[in-house]
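Step one of this worksheet: look at the structure below.
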Protein chains: 2
Amino acid sequence: MPASKMNNSRISSADESSRPLIEPTAQALKSARTRSRLIEATIRCLVKYSYANTTTPKVAEEAGLSRGAMLHHFDNGRQLMQATMVELHHKRLRAFRRAAGTLDHDARTLLRTYWEQLLRSTFIAFQELAIASRTDKELAKTLEPVRKEFNERWHDLAIELFPEWSHDPTAFKVALGLTHNTLEGMALNRLTHGIDDETIELVLDKLEQVILELRPDRKS
Amino acid sequence: MPASKMNNSRISSADESSRPLIEPTAQALKSARTRSRLIEATIRCLVKYSYANTTTPKVAEEAGLSRGAMLHHFDNGRQLMQATMVELHHKRLRAFRRAAGTLDHDARTLLRTYWEQLLRSTFIAFQELAIASRTDKELAKTLEPVRKEFNERWHDLAIELFPEWSHDPTAFKVALGLTHNTLEGMALNRLTHGIDDETIELVLDKLEQVILELRPDRKS
DNA sequence: GTATTTCCAGACAGAACTGATTGCTTTTTT
DNA sequence: AAAAAAGCAATCAGTTCTGTCTGGAAATAC
């Protein structure tokens, strides 16, 4: 009888009621490592083959593991996709926080920083899953809280870097919405050759200018 | 020996070398009608099931036809998808032209008009195919000229409606790029609940304002 | 009017993916 | 050290897709 596969790695589980927390078993480590290998392989497959053509045999091969091992850690393909979505979310948050630490409180660099994130394969894989979520209810259930947390973290960080925005919540919402949607739209169109590099630069420059003009301290 | 399936409906073929052009045979009409039914069914399937879950049996069932009929008109599933992409392109162009005819030369209405197009299922289906084109070379080969023509038509119509833009090609490029990418990004994020209606309205308003400020006649 | 072509349906074989089951090896428990 | 559990591989059966092939009805050509 296998244990619950939703979270069988004790190393990161915080809900062990009958035991003390510290128990980094050797096997739990191995398990976590294998899970990670599978998730990373899934991400690579999403980028290489797209969501439509990512199958369990391909993921297993990409991970250098058997399909049996995969089904041991994830009850089915969908659970693997859901775990991958959560991992991609954390990747995006980590990259964002890391990059934000080096920012010099400049709106220009924040915008460019996010743009560079959107060029990475993490965004491609995430987007594949987001698109799939439109018609996959289970995936959508995983995406919803993830998307919520991402927006909240973004909001918090932006306010932290530029406290003056808190004086004008509406302008802030506009700036955030404009930034997110324009950059993500460009990133997606770029993937299917729907936009050229020159236009991208022009739009980025104009967008920076618009955001700067929206800042409350320039109005007062 | 079946005839060429790429274009077996003589009704719209212009390359009949051995015969006069006018030959709307009864059977050619029927054939064109069936092709259209299959393509329309494909579009509905793309919206309902996504590209990943759209299969030839589902399309045939949606069209109320047998799979045999489908394979008679399209050699394989990919050809059906390519034909569907072209049809979606024409749908978008038609809707655009139709809406443009009722415009009163106002940038605001042009922007809102395009936004309303992006809420339709035509855009959803087109986007599913565009995303799939990232990893499907054959689909990408079909998408490329389609995308090119769409952008050209957009460009031409916008210049026709607002000739003053032709004085400043760079500003025009910025306005077009900003509009396209922001609206399409919002439309996509909306499909996965990544943006709320209030934010959409705010961004649309701001975008209008930015576009208006970019107009050359305001600068002189 | 007969022959040929076209439209369409149904049956067919092959391939691929899915989750389940079995069994072996290694680790952990007691 | 024995027992239990976990990690992993390989095979299995079942489903579903894919494209092909055959045949019949309707239309067109001769």
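Numbered from 1 within each chain, the chains take letters A, B, ... in sequence-line order. Please read these numbers as outputs of a predicted model, since none were measured by experiment.
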Next item on the list: Hey, can you tell me if B/F150 and B/Y114 have their rings parallel, tilted or perpendicular (30° and 60° cut-offs)?
Entry: tilted
If I take atom [atom1] in residue [X] and atom [atom2] in nucleotide [N], what distance separates them, rounded to the nearest angstrom?
{"X": "A/R37", "N": "D/dG7", "atom1": "CZ", "atom2": "P", "answer": "14 Å"}
{"X": "A/Y49", "N": "C/dC17", "atom1": "OH", "atom2": "C1'", "answer": "15 Å"}
{"X": "A/L29", "N": "C/dT26", "atom1": "CG", "atom2": "C1'", "answer": "15 Å"}
{"X": "B/M70", "N": "D/dT18", "atom1": "CE", "atom2": "C1'", "answer": "10 Å"}
{"X": "B/R78", "N": "D/dG19", "atom1": "CZ", "atom2": "P", "answer": "9 Å"}
{"X": "A/Q79", "N": "C/dT18", "atom1": "CD", "atom2": "P", "answer": "15 Å"}
{"X": "A/L38", "N": "D/dC8", "atom1": "CG", "atom2": "P", "answer": "8 Å"}
{"X": "B/L80", "N": "D/dG19", "atom1": "CG", "atom2": "P", "answer": "10 Å"}

When you measure from the side chain of [X], which nucleotide among [options] comes out closest?
{"X": "A/T55", "options": "D/dC17, C/dG19, C/dC17", "value": "C/dC17"}
{"X": "B/L65", "options": "C/dT18, C/dA9, D/dC17", "value": "C/dA9"}
{"X": "A/L71", "options": "C/dG19, C/dC8, D/dC8", "value": "C/dG19"}
{"X": "A/S66", "options": "C/dA9, D/dT20, D/dC8", "value": "D/dC8"}
{"X": "A/H72", "options": "C/dC8, D/dG19, D/dG7", "value": "D/dG7"}
{"X": "A/R67", "options": "C/dC17, D/dC8, C/dG19", "value": "C/dG19"}

Does a donor on one side chain and an acceptor on the other come within less than 3.5 Å for [X] and [Y]?
{"X": "B/R67", "Y": "B/T56", "value": "yes"}
{"X": "B/H193", "Y": "A/E144", "value": "no"}
{"X": "B/D196", "Y": "B/T199", "value": "yes"}

Item checked: Heavy-atom closest contact (B/Y51 atom, B/L46 atom, distance) -> CA-CD2, 3.7 Å
If only side-chain N and O atoms of [X] are considered, is one of them under 4.0 Å from the OP1 or OP2 phosphate oxygen of [N]?
{"X": "A/T56", "N": "C/dG19", "result": "no"}
{"X": "A/H73", "N": "D/dA6", "result": "no"}
{"X": "A/S31", "N": "D/dA6", "result": "no"}

